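Single-structure report; data block below.
Nothing here was measured: the structure is a model prediction, and the numbers come from that model.
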Amino acid sequence: QVQLVESGGGSVQAGGSLRLSCAASGRTFSSYAMGWFRQGPGKERECVAAINWNGFSTYTADSVKGRFTIFRDNSKNTVYLQMNSLKPEDTAVYYCAARESLRVVISTSAMDYWGKGTLVTVSS
């Protein structure tokens with residue numbers, strides 16, 4: 001069992017930056033592929049970034065490529081999402097998710113564990 005707790009959300013003006021953190025419980029964090037997903041108003045949940053167990057392989061959605069970076073620190077059981085040049089369309093609840101896998105996982109339905117989410121609001 002893995003428990004995930006997100007933090008770092010908030011309100012920011014367009015062009016600003018935020019860093020989201022996701023702290024995981026348990027001693028086998030390095031066994032898990034991690035992902036950041038978001039769900040905007042009236043939209044389906046989508047993967048914005050994902051990372052494999054050791055951080056050597058990542059995925060970034062086209063909509064955020066060049067602006068968002070995912071990375072992890074296995075010694076701290078934490079995965080991060082650095083978000084720069086934020087746009088109003090990035091407004092959403094951001095969720096951290098995990099699946100026991102050595103590979104990058106980007107499918108919403110494939111993730112085993114979810115955090116409760118953190119709200120990011122970007123104003124123009």
(message) Would you say that Val122 contacts Gln13 through its side chain, given a criterion of any heavy-atom pair below 4.5 Å between the two side chains?
(response) no

(message) Let me check something: do Leu81 and Ile106 share a hydrophobic cluster, defined by ILVMFWY side-chain heavy atoms less than 4.5 Å apart, either directly or through other members?
(response) no

(message) Can you tell me if Gln3 has over 12 outside heavy atoms packed within less than 6.0 Å of its CD?
(response) no

(request) Apply side chain to side chain contact (heavy atoms under 4.5 Å, CB included) to the pair Cys96 and Tyr113, showing each step before the final yes or no. (result) CA-CA 8 Å; Cys96 173; Tyr113 303 100; over 6 Å; no

(request) Any chance you could lay out the side chain to side chain contact (heavy atoms under 4.5 Å, CB included) test for Tyr94 and Gln39, step after step, and finish with the verdict? (result) CA-CA 7 Å; Tyr94 283 72; Gln39 188 163 17; over 6 Å; no

(request) Evaluate the side-chain proximity of Asp90 to Val64: yes if any heavy-atom separation is below 4.5 Å, no if none is. (result) yes

(request) Output yes when Arg38 and Glu46 qualify as a salt bridge under the 4.0 Å nitrogen-oxygen rule, no when they do not. (result) yes

(message) Tell me whether the NZ or CZ atom of Arg99 lies within the 45° cone about the ring axis of Tyr32 and under 6.0 Å from its centre.
(response) no

(message) Between Asp62 and Lys65, does any NZ, NE, NH1 or NH2 come within less than 4.0 Å of an OD or OE carboxylate oxygen?
(response) yes

(request) Test Val104 against Ile51 for side chain to side chain contact (heavy atoms under 4.5 Å, CB included), laying out the working first. (result) CA-CA 5 Å; Val104 172; Ile51 191 166; 5.8 Å; no

(request) Answer yes or no: is there a donor N or O on one side and an acceptor on the other, between the side chain of Thr118 and the main chain of Gly9, under 3.5 Å? (result) yes

(message) Are Trp36 and Cys22 packed together at the side-chain level, in the sense that at least one heavy-atom pair is separated by less than 4.5 angstrom?
(response) yes

(request) Report yes if the side chains of Met83 and Ser17 come closer than 4.5 Å at any heavy-atom pair, otherwise no. (result) no

(message) For Asp73 and Thr78, which I'm curious about, is there any donor-acceptor pair between the side chains at under 3.5 Å?
(response) no

(message) Is any side-chain heavy atom of Met34 closer than 4.5 Å to one of Arg72?
(response) yes

(request) Determine whether Glu44 and Thr108 make a side-chain contact, defined as any pair of heavy atoms from C-beta on separated by less than 4.5 Å. (result) no

(message) Using modelled atom types and a 3.5 Å cut-off, is there a donor and acceptor pairing between side-chain atoms of Thr58 and backbone atoms of Ala50?
(response) no

(request) Begin with the C-alpha distance, continue with both residues' side-chain angles, and end with the deciding distance and a verdict on side chain to side chain contact (heavy atoms under 4.5 Å, CB included) for Leu102 and Asn52. (result) CA-CA 6 Å; Leu102 297 179; Asn52 76 328; over 6 Å; no

(message) Taking Phe29 as the starting point, is it possible to reach Tyr95 by hopping between hydrophobic residues whose side chains are less than 4.5 Å apart?
(response) no

(message) Please tell me whether Phe71 and Tyr80 form a close aromatic pair, meaning their ring centres lie under 6.0 Å apart.
(response) yes

(request) Identify the heavy atoms of Ser63 and Arg67 that sit nearest to each other, and give their distance. (result) O-NH2, 3.0 Å

(message) With a 4.5 Å cut-off on side-chain heavy atoms, are Phe68 and Leu86 touching?
(response) yes

(message) Taking Trp53's backbone N and O only, do any of them form a donor-acceptor pair with Asn74's side chain (distance below 3.5 Å, no angle check)?
(response) yes

(request) Enter the distance from Asn84:CG to Thr69:OG1 here, rounded to the nearest 0.5 Å. (result) 6.5 Å

(request) List the atom of Pro88, the atom of Ser123, and the distance in Å for their closest heavy-atom pair. (result) CG-C, 4.5 Å

(message) Quick check: closest heavy atoms across Leu4 and Ala24, and the distance to 0.1 Å?
(response) CD2-CB, 3.6 Å

(request) With the side chain counted from C-beta on, respond yes when Val79 and Leu20 share a heavy-atom pair under 4.5 Å apart, and no when they do not. (result) no

(request) Would you confirm whether the ring centroid of Phe37 sits within less than 6.0 angstrom of the ring centroid of Trp114? (result) yes

